[in-house]
Structure formats: structure tokens, C-alpha cells
Amino acid sequence: MKAPSVKLPIFTSDGQFVAHYSEKGLAELDFPANGRAELPLGQNAQQLPSKVRRWHRATVAALKQVLAGRSPKKFPPLDLSGGTTFQRQVWNALRKIARGQTKSYGEIARAIGRPRAVRAVGGACGANPIPVLVPCHRVLAANGKLGGFSGGLDWKRKLLTREGVSL
DNA sequence: GTCACCTTAGAAG
DNA sequence: CTTCTAAGGTGAC
């Protein structure tokens, strides 16, 4: 049962992101497509439910705040029902990392009571459907190095730098 | 079943 | 210091 989703573009100075909304809220956020070739969207803003338009406004504002290295005042409701229990625990822990702060995969693992599931935390970060707003980029390797990032290490570096984190 | 993945502490060389 | 090993959760094949 795949929840019906609405896709809306978000134009930023870093490219065109795409937000996916389910009945519950923001369910996915995509980084700008490489090269920018794809624009699958054709939603008429007029016929969208008002709640979706409201969520989208919050998403756009929040995304731009984070891209600018600041803390969003407001977030749209996040629909993380697509993940497993373990993944949701990880994502929830990620959301507690404030702007400019970083944690290691090991610290997240301990925070959710799974001290040995370090690599699994890495996996959950990679599976994060809402990058940037769920700050998977604030997780570094234990020795202070960047670690990986499926969205592209450039983004990880860029986002952290804008938040004032030095590597 | 097997493999690859955003890891890491510890033991061995 | 460098190299190797073992340990978790999950999705792709």
C-alpha cells in the first residue's frame, strides 16, 4: 500500500530540491538531481489541499534556513512511517543534534541503546528519506573525519561548513 | 544465502 | 603507526 504522494519543487541557490508529501506530512526530500535534467512535477498549486500548501511553505522556509547555516524556527510534520523501528529511532536521535554540533555514529548508537549497532546507524543515515532537515550530515566518524554520505560528500562538507563546523 | 553499506574498538605486527 | 578482525540492521540480487 503505497501512500499517495504529492511532489513539489523547491528552488534554492543550491539547485532544485523535490519534496514529497504523504497524507501525514513531508515524507521525502530529494537533493537537486545531478545536472538538473528531471522535473517530474506539474502540480497545480490551486488544487492542492491547503494543509499540503501549508506544509510546503514550512518545508521551503526550513530548508533555506538550514542551507544558510541557521536553525529553522519551524518544521513541517515529518512522515517517517516508511522506515523500520530501528531507523526511526536513529532519525529521531539525529534530530536532536543542534546546528553546529556533530556526533559520531557510535554516539548515536549508544543514544538509542544499541551501542554495538554502529554500522547499522550508518545504514540508517543512508536510508534517511529527509536529508538536511533530518541532519544526517552532522554525524561524523569517531575520529572526527567525515565518514560517508550517500547524497555526496560535497553536500556534507558544504552543510557543515555553513553551520560553522570545522573539519 | 550472499554481498555491500555514511563504523569502530581492539588486538596484532 | 598500519593492518586486520569482528560485530548490526537492511535492502538488493
Side-chain angles (χ1 to χ4, degrees), chain A residues 1-5 7 10 12-38 40 59 62-72 75-167:
Chain A
M1 182 86 79
K2 171 105 172 154
S5 75
K7 303 184 195 179
I10 300 178
T12 75
S13 48
D14 291 295
Q16 181 191 321
F17 286 72
V18 180
H20 302 225
Y21 297 92
S22 68
E23 292 302 311
K24 296 179 177 175
L26 176 64
E28 184 179 334
L29 184 62
D30 302 333
F31 278 113
N34 197 15
R36 83 198 349 236
E38 45 188 284
T59 301
L63 174 61
K64 290 186 175 176
Q65 287 293 299
V66 179
L67 289 178
R70 300 210 293 281
S71 299
F75 283 93
L78 306 183
D79 178 8
L80 300 176
S81 62
T84 63
T85 301
F86 176 82
Q87 292 171 331
R88 281 198 299 270
Q89 290 182 91
V90 172
W91 298 335
N92 191 56
L94 295 181
R95 295 179 58 197
K96 293 178 184 162
I97 308 176
R99 177 216 87 110
Q101 286 192 316
T102 60
K103 289 211 168 210
S104 69
Y105 295 93
E107 287 176 307
I108 298 294
R110 287 193 289 280
I112 63 176
R114 289 296 233 299
R116 251 101 38 70
V118 199
R119 286 172 296 157
V121 168
C125 287
N128 170 21
I130 313 180
V132 186
L133 296 192
V134 174
C136 44
H137 60 279
R138 294 183 185 140
V139 185
L140 304 181
N143 52 15
K145 285 186 302 195
L146 261 189
F149 197 67
S150 41
L153 278 174
D154 289 348
W155 278 105
K156 192 167 182 175
R157 243 191 305 274
K158 185 186 300 184
L159 290 167
L160 287 172
T161 299
R162 291 180 185 177
E163 293 184 4
V165 175
S166 49
L167 308 169

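Chain letters run A, B, ... following the sequence lines, proteins first, then strands; residues in each count from 1.
- A/R162 is linked by a salt bridge (charged side-chain N to carboxylate O under 4.0 Å, His left out) to A/D14, counting only residues two or more places apart in sequence or in another chain.
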Check the interface with nucleotides 11-13 of chain B: list each N/O to N/O pair with the protein under 3.5 Å, or write none.
none

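- Not one side-chain nitrogen or oxygen of A/R114 sits closer than 4.0 Å to the OP1 or OP2 atom of C/dG8.
- Between A/I112 and A/A93, the shortest heavy-atom contact is CG2-CB, 4.0 Å.
- You'll find the side chain of A/I97 reaches within 4.5 Å of the side chain of A/I108, heavy atoms only.
- At whole-Å resolution of the value, CG in A/N128 and P in C/dG9 are 19 Å apart.
- Here the closest non-hydrogen pair linking A/C136 and A/L94 is CA-CD1, 4.0 Å.
- Note: CZ (A/F31) to C1' (B/dC6) measures 12 Å, nearest angstrom.
- Put simply, A/S150 has no side-chain N or O that comes within less than 4.0 Å of OP1 or OP2 on B/dC6.
- Screening residues 139-153 of chain A for salt bridge (charged side-chain N to carboxylate O under 4.0 Å, His left out) gives no qualifying pairs among residues at least two apart or on separate chains.
- Legend: residues meeting side-chain hydrogen bond (donor to acceptor under 3.5 Å, both in side chains) with A/S71, ordered by chain and number and at least two apart, are absent.
- In the set C/dG8, C/dT10, B/dC6, B/dC6 carries the atom at the smallest distance from any side-chain atom of A/C136.
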Could you pull out every donor-acceptor pair under 3.5 Å between side chains of residues 113-129 of chain A and any protein atom, sequence neighbours left out?
unit_1: A/N128; atom_1: OD1; unit_2: A/I130; atom_2: N; d: 2.8
unit_1: A/N128; atom_1: ND2; unit_2: A/V134; atom_2: O; d: 3.0

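- Going from the P atom of B/dC6 to that of C/dC13 covers 16 Å, rounded to whole Å.
- Nucleotide C/dG9 holds its P atom 16 Å from the CH2 atom of A/W91, rounded to whole Å.
- Here A/H20 contributes atom NE2 and A/K7 contributes atom NZ; the two are 5.0 Å apart, rounded to the nearest 0.5 Å.
- Here A/D154 pairs with A/R157 under the side-chain hydrogen bond (donor to acceptor under 3.5 Å, both in side chains) rule; sequence neighbours left out.
- In terms of modelled atom types and a separation under 3.5 Å, the side chain of A/R70 and the main chain of A/Q65 share no donor-acceptor contact.
- Residues satisfying the salt bridge (charged side-chain N to carboxylate O under 4.0 Å, His left out) criterion with A/R138, sequence neighbours excluded, are A/E163.
- As rounded to whole Å, 16 Å separates atom P of C/dG9 from atom CZ of A/R88.
- Nucleotide B/dG10 holds its C1' atom 14 Å from the CZ atom of A/R116, rounded to whole Å.
- Between A/F149 and A/F31, the ring planes lie perpendicular to each other; the angle is over 60°, past the 30° to 60° tilted range.
- Remark: A/W91 engages no residue in a ring-ring contact (aromatic ring centres under 6.0 Å, His included) (not counting sequence neighbours).
- Between the CZ atom of A/F86 and the C1' atom of C/dT10 there is a distance of 10 Å, rounded to whole Å.
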Are there any protein N/O atoms within less than 3.5 Å of an N/O atom in nucleotides 7-9 of chain B, and if so, which ones and at what distance?
unit_1: B/dT8; atom_1: OP1; unit_2: A/Y105; atom_2: N; d: 3.1
unit_1: B/dT8; atom_1: OP1; unit_2: A/G106; atom_2: N; d: 3.2
unit_1: B/dT8; atom_1: OP1; unit_2: A/A142; atom_2: N; d: 3.2
unit_1: B/dT8; atom_1: OP2; unit_2: A/A142; atom_2: N; d: 2.6

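- Sorted pairs that involve residues 98-113 of chain A and meet salt bridge (charged side-chain N to carboxylate O under 4.0 Å, His left out), not counting sequence neighbours, are lacking altogether.
- Interface residues of residues 159-167 of chain A facing DNA chain B, ordered by number: none; criterion, heavy-atom separation under 4.0 Å.
- In DNA chain C, the stems built from three or more successive Watson-Crick or G-U pairs (distances below 3.5 Å) are B:1-5 with C:9-13, B:7-13 with C:1-7.
- Within the nucleic acid shown, A/A117 comes within 4.0 Å of sugar-phosphate atoms alone, with no base atom in reach, counting heavy atoms only.
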